[in-house]
Protein chains: 4
Amino acid sequence: MTDRAYVLFEEQQRARGIDLEQVKKQLSSLRIETPSWGYGDSGTRFKVFRKAGAPRNAFEKFEDAAQVHKLTGLCPSVAIHIPWDHVEDYGALRSHAEGLGLTIGAVNPNLFQEEEYMLGSVTNTDAAVRRKATEHLLECVDIAKETGSRDISLWFADGTNYPGQGDIRKRKAWMHECLAEMYKALTPRMRMLIEYKCFEPAFYHTDLADWGMAYNLALKLGPQAEVLVDTGHHLQGANIEHIVAYLIDEKRLGGFHFNARKYADDDLVVGSMNPYELFLIFYQILCAGQDTDEAVRGTVDNIAYMIDQSHNIEMKIPAMIRSVLNVQNQYAKALLVNHAEVAEAQERRDVLGAEDAVRRAHEFDVTPLLQAIREEQGLPADPMKAYLESDYGKSVMTRGKGGAGW
Amino acid sequence: MTDRAYVLFEEQQRARGIDLEQVKKQLSSLRIETPSWGYGDSGTRFKVFRKAGAPRNAFEKFEDAAQVHKLTGLCPSVAIHIPWDHVEDYGALRSHAEGLGLTIGAVNPNLFQEEEYMLGSVTNTDAAVRRKATEHLLECVDIAKETGSRDISLWFADGTNYPGQGDIRKRKAWMHECLAEMYKALTPRMRMLIEYKCFEPAFYHTDLADWGMAYNLALKLGPQAEVLVDTGHHLQGANIEHIVAYLIDEKRLGGFHFNARKYADDDLVVGSMNPYELFLIFYQILCAGQDTDEAVRGTVDNIAYMIDQSHNIEMKIPAMIRSVLNVQNQYAKALLVNHAEVAEAQERRDVLGAEDAVRRAHEFDVTPLLQAIREEQGLPADPMKAYLESDYGKSVMTRGKGGAGW
Amino acid sequence: MTDRAYVLFEEQQRARGIDLEQVKKQLSSLRIETPSWGYGDSGTRFKVFRKAGAPRNAFEKFEDAAQVHKLTGLCPSVAIHIPWDHVEDYGALRSHAEGLGLTIGAVNPNLFQEEEYMLGSVTNTDAAVRRKATEHLLECVDIAKETGSRDISLWFADGTNYPGQGDIRKRKAWMHECLAEMYKALTPRMRMLIEYKCFEPAFYHTDLADWGMAYNLALKLGPQAEVLVDTGHHLQGANIEHIVAYLIDEKRLGGFHFNARKYADDDLVVGSMNPYELFLIFYQILCAGQDTDEAVRGTVDNIAYMIDQSHNIEMKIPAMIRSVLNVQNQYAKALLVNHAEVAEAQERRDVLGAEDAVRRAHEFDVTPLLQAIREEQGLPADPMKAYLESDYGKSVMTRGKGGAGW
Amino acid sequence: MTDRAYVLFEEQQRARGIDLEQVKKQLSSLRIETPSWGYGDSGTRFKVFRKAGAPRNAFEKFEDAAQVHKLTGLCPSVAIHIPWDHVEDYGALRSHAEGLGLTIGAVNPNLFQEEEYMLGSVTNTDAAVRRKATEHLLECVDIAKETGSRDISLWFADGTNYPGQGDIRKRKAWMHECLAEMYKALTPRMRMLIEYKCFEPAFYHTDLADWGMAYNLALKLGPQAEVLVDTGHHLQGANIEHIVAYLIDEKRLGGFHFNARKYADDDLVVGSMNPYELFLIFYQILCAGQDTDEAVRGTVDNIAYMIDQSHNIEMKIPAMIRSVLNVQNQYAKALLVNHAEVAEAQERRDVLGAEDAVRRAHEFDVTPLLQAIREEQGLPADPMKAYLESDYGKSVMTRGKGGAGW
């Protein structure tokens, strides 16, 4: 049945003028970074439910991550969070990763869990606190050198809860100052990925509240600073794919933190709430990937796709597998858009025709395609099933409860 | 200056046809319950910042609450949360409270911090978990008997994070079943106050998502079940004062959990984000308080005004003082609406005139009025200043960090 | 290719335990009512773009609607709006409809376009205006008798723009009074479908702002009053499928006004923004359709599926075809959920498994199934293509611009 | 009573360290531009209610505007909208305005009411349409030369309703191209004020969706391009005062379109929904007005305060009076913030103290202050009352219904 399904799929797509070899090539090069903290326990402010099998340290997190990559072929790198993944010897962690077939991905500084940061880190009124925060940022640059990481992801919890609590413009200047110092420490191949968020944990104003503030800061810092789009960090109604297209056009989209939300920053499994939105994000990326401007295409090629979720009630490793499969699924669908067909409909001002050309790609069931790809790569046809039937899942349970959280 | 200010205020109001003696009488009868957990440490999912001076147990929380009442004259009762305020001997706690000039207010069951409740408490697929949850509810009824509490506040974290995770209609039936059993255990003077919330900690569906679901459940349970409006539990844009007016009209508004928000359930100091909204809520309540229908007036008289906030970065006791003063302030302003003037403008279809009659009341600075009231009651004119200059604030610091949280 | 696709689809579904004959039976009984006003010109407050070919009267609207039904087999009835579709002789309109193979569906009173209704219709302070509004409602009941319509859809623009503008509780009572009079005029087989809307055209409060208010009003009126869910009438983030499940459980869901939105009541083609949400709505309906409670199943059987959109820039008839095909498509997918599989996953507390069982059904491409159904019914395999290649589309253009609008 | 009230107010403020002469000076220099279209009929997509007395042409609109200025002393300039205010001889209109004591303010091009603009104006796929749009922009520059206007306000309805309907990045380039041509036509003292809006009338994507897109475009165009903030054009939850502070800091805030909203772009009387937000906007502006950076202060000095509302149910002239009085009122309150006190609280990390220092200024009733200012300027103490009792309001009624709308 599988083979026949693929044959039929191939015929269908060929009839639509889709170059399936090209599609498969692009699919095969998809890489999604998983976060070390996504394997540990997390929760809401009301409760962190402790799961048996949670990894107890950075090394075990990489072991879990290796399973996800082994079964999906999609996740060869793992983002780390400092100090959650602090180890004495980052060279040892790197070797451990490499031994598992992984590399260390983005380094994520933590500037929100020290007592001093209650009223801000790089935006604190106290110069000593800003110094401490800057030192941590510099430390993360050093760690990135040791781990061989290209990207440093910057998310700041900085903000205020009340009008008047902070001087908005002074805070802006302080943040710029701290990051400018960090920027100078980057090696030429490194990137600062600047994340924005509309609210939480700050509830009145957040210093980097939207893409515009992150983008403007990146402009000021220099070409190695780019914007990181977390799909859960927008106000209700924001058109994320528009922001994505815009940032690519300005050559400042550095990457994504993928997750799903219905309300606020819910950090659910990506693709579980509005899968069409994820498809439309990839549609914009793929549009830009065909641009005649080499710099635009280069931006697209360097987008870092990263998961950033908080699995409060799900089994950790399966939740991660589900997440990356959802991303792959929507990416595959987006690859089926016939861009010429869309362009022609746009040209003849055919609103419904253009919409149909996009939406129709989303309708296809890409399971046969994904299974074919997996078979070619020696991967299980159904990675989730393979995991659930594997010994790994049972063996991690021996770790017991009380593992690392974030 | 103060005296002259009051004299002037009195003249102004008299000229507007406001019966200031009546206003003062209503102001004097305002009672706002503070929550025991509002004195302890709380935070976001990212971090709980530990404050020096946090009370270490239920007894100390009552001591802190007594300070708020002593200085404001507004807060003679304190809500408790079980098991956070679990004590061996509730009679002892009651005596402690009474010794401080306080009573024990609403009892709040906790059905979200046990491991078993991860996928639901009274809506759990597992009958044993539902049983456990029901037993806790019954325990809270028993505690209420001991503490002399009239109200049991019911907030459920129950909900799901994904489509398909739970059977929405079965869960609805299970919740009804458990609460019906609890309802039977109430003494005739007790009330169940049913709270709703649009999301968090559940991110796909929440079993009691809005006022309609809470109201409908109350209808089914019986006249001792009423709805509790938490001002932070609505979707963006919801007209809370409309809901308040509606529930009073149906004689099912039991009380409030006051707090402020700009985004989600931010749990900020009430009145700090959009004070006019708080004023408009009181305006609706006071409209209904003049109804010819005795049952409507009775509903208004029995509304329980309660604070429910999470002070993550604020000093605890001052944050509570600020909160109750903000409530008192907006309530005082609402008392200055000339209802006849509004009604006349409505009658002559004068949109701007009617709006003006309401908004103008909000413009008055009621400080002279509130100071006059406080003077009459032997309270400090500026309760916040009095607290900050008192010895109490300094002495609680000796408790150190690491007190109780929620 | 089509035949092979269907054979494969059949195998796939059989392997999953899906009873395809049952699926086809349910698909064949799907009926979606289109609105007469959906064929005329509409726009935003900024501009109504006039389209060539817009129907010039009620008769021509039915002719357009007949095309949609002829090509899709889904739309045998057409909702009318009074006075937009006012005709001297409703018997003649009915005969015209029947001659086209159509029936007249829901009757929609218009209580928002007379000068007198500026400050309210059934909630107006002026008793004469309320009387006029009630008379119009009674007129619509009479029209329904003539047209043979079962349902009267009630949407009220009533609300206020400013605090104080209206007396919220008095308006509530007036609306109840007017509708109670109308209710009495219903014949036993008629239904009042009460619609709610969070805002627009009223911008402070809307008298029927949410499902709870519509539901409560229906409860008071009697069993022939039910709630109408317009998918665009909710605040951002509202879980519509939850509301749907809830209302079915209470046996008070009367029908839908389908459309899509990203922001407010955008009235876009249903299924074009978040198709998964439409699928999840049908999933809840189909869950309830299997209930052991006959009354619940009866509610499901009597749900009126209706389109209510405003095609501002789209070609009218194609936009309607696209809309009903989108509904059919998501309904078909929802029919592929294996409910036993979901229930088992719920039972074993398998969050990801339950989610997967629902989402997987959405992944299937149901095109082969829909084409098979159409072939069996003698319909074109691709109704949109058939329309675009038909003579009808060209011939309507001779009507020119300046046809009827709403 | 009035005099005593002012004396008392003066004492209070002096005791707080507020320099009342400086406050009065700043208050006296407040200028709020009213829009010509705000005097005509407007409505929602559902209905435009026609009011008696609506002005029939641009000349009568200026006469109405002159009344507002005469009574409030705040509104010496009037924005015009082309072609709504198209006249053969703009010199004559200018003379008419000057004869009434007014000047012509911002020129507002209209790029949304021609049939050709249905799918975009400066972003249309059709080069001829873009040309037409550009010509209109250039025409408006010419008109501005004749009318002596400094500012051209640019709001574009451009956007799409469906994914795929337009090429987002191409549209971005086209808009830039058209505006770059317009920019070149500006005289050195002219400004382009670029407005953004999250949605409506486009419902999928709007080409200038947020401040970031408007700002980035301004950056590319040059120093005479600045951002215009319409207070109703944001997604729910957006912190507008943060955006305002940010844009001032970047010296790119050109002006405001003031109005109020609870839901979407409701265009209600400014200050009627959340007056505190308006106060907080002014607080940020006044903070920046004290900056040591001359360029920041210069930006503040050149902010154009403009009303842009749609009075659907209100009497037009009174609605405008109410609007400008509300702005004046909140501005006056913001002038009472003791910035040193806020800064000290920030410095000592006193969250509640800093919040209090801001909020307390909002508590004062500034009526005595405003009345004193009016008296000094020979204006009526209560401009609304003066209008309602004037002959003007009655005389305009002779215009009858059917005047100009927008």
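Letters A, B, ... are given to chains in the order of the sequence lines, protein chains preceding strands, and every chain is numbered from 1.
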C:Leu219 portion near chain B, given a 4.5 angstrom heavy-atom threshold: side chain
Note, B:Val351 side chain near C:Asn161 side chain (heavy atom, < 4.5 Å): no
Among C:Glu355, C:His205, C:Lys172, residue most engaged with chain B (heavy-atom pairs, under 4.5 Å): C:Lys172
Closest non-hydrogen atom pair, B:Glu116 against C:Arg349: O-NH2, 3.8 Å
For chain C, which residues of residues 329-344 of chain B have heavy atoms nearer than 4.5 angstrom: B:Val342
Pick from B:Lys170, B:His234, B:Glu241 with the largest number of heavy-atom pairs that fall under 4.5 Å of chain C: B:Glu241
Nearest heavy-atom neighbours spanning B:Gly164 and C:Ala354: O-CB, 3.4 Å
Contact leader toward chain C among B:Met213, B:Met118, B:Arg359, where contacts are heavy-atom pairs under 4.5 Å: B:Met213
For chain B, the option from C:Gly212, C:Gly237, C:Pro163 that forms the most heavy-atom pairs under 4.5 Å: C:Pro163
C:Glu294 CD: over 12 foreign heavy atoms closer than 6.0 Å: no
Side chain to side chain, C:Leu235 and B:Gln236, heavy atoms closer than 4.5 Å: no
Side chain / backbone / both / neither for C:Ala173 at chain B, heavy atoms under 4.5 Å: neither
Show me the donor-acceptor pairs within less than 3.5 Å that the side chains of residues 274-292 of chain C make with the rest of the protein, sequence neighbours left out.
unit_1, atom_1, unit_2, atom_2, d
C:Asn274, OD1, C:Tyr276, N, 3.3
C:Asn274, OD1, C:Glu277, N, 3.3
C:Asp291, OD1, C:Asp293, N, 2.7
C:Asp291, OD2, B:Arg169, NH1, 2.9
C:Asp291, OD2, B:Arg169, NH2, 2.8

ring-ring contact (aromatic ring centres under 6.0 Å, His included) involving C:His257 - partner list, sequence neighbours excluded: none
For the student: nearest non-hydrogen atoms of C:Tyr246 and B:Asn216, plus distance: OH-ND2, 3.1 Å
Listed partners of C:Phe256 passing ring-ring contact (aromatic ring centres under 6.0 Å, His included), at least two apart: C:Phe258, C:Tyr305
Contact origin within B:Thr206 toward chain C - heavy atom pairs under 4.5 Å: backbone
Interface moiety of B:Asn239 toward chain C, non-hydrogen atoms closer than 4.5 Å: side chain
Separation between CH2 of B:Trp211 and CH2 of C:Trp211, rounded to the nearest 0.5 Å: 7.5 Å
Per-residue contact mode, C:Asp167 against chain B (heavy atom under 4.5 angstrom): both
Part of C:Asp249 lying under 4.5 Å from any heavy atom of chain B: both
Engaged part of B:Asn124 at the chain C interface, taking heavy atoms whose separation is under 4.5 Å: side chain
Check: C:Tyr162 and B:Val358 side chains under 4.5 Å, non-hydrogen atoms: no
Heavy-atom check, side chain of B:Asp210 versus side chain of C:Asp210, under 4.5 Å: no
Closest non-hydrogen atom pair between B:Lys220 and C:Glu250, with its separation: NZ-OE2, 2.8 Å
Distance-minimising heavy-atom pair for B:Ile168 and C:Ala245: CG2-CB, 3.9 Å
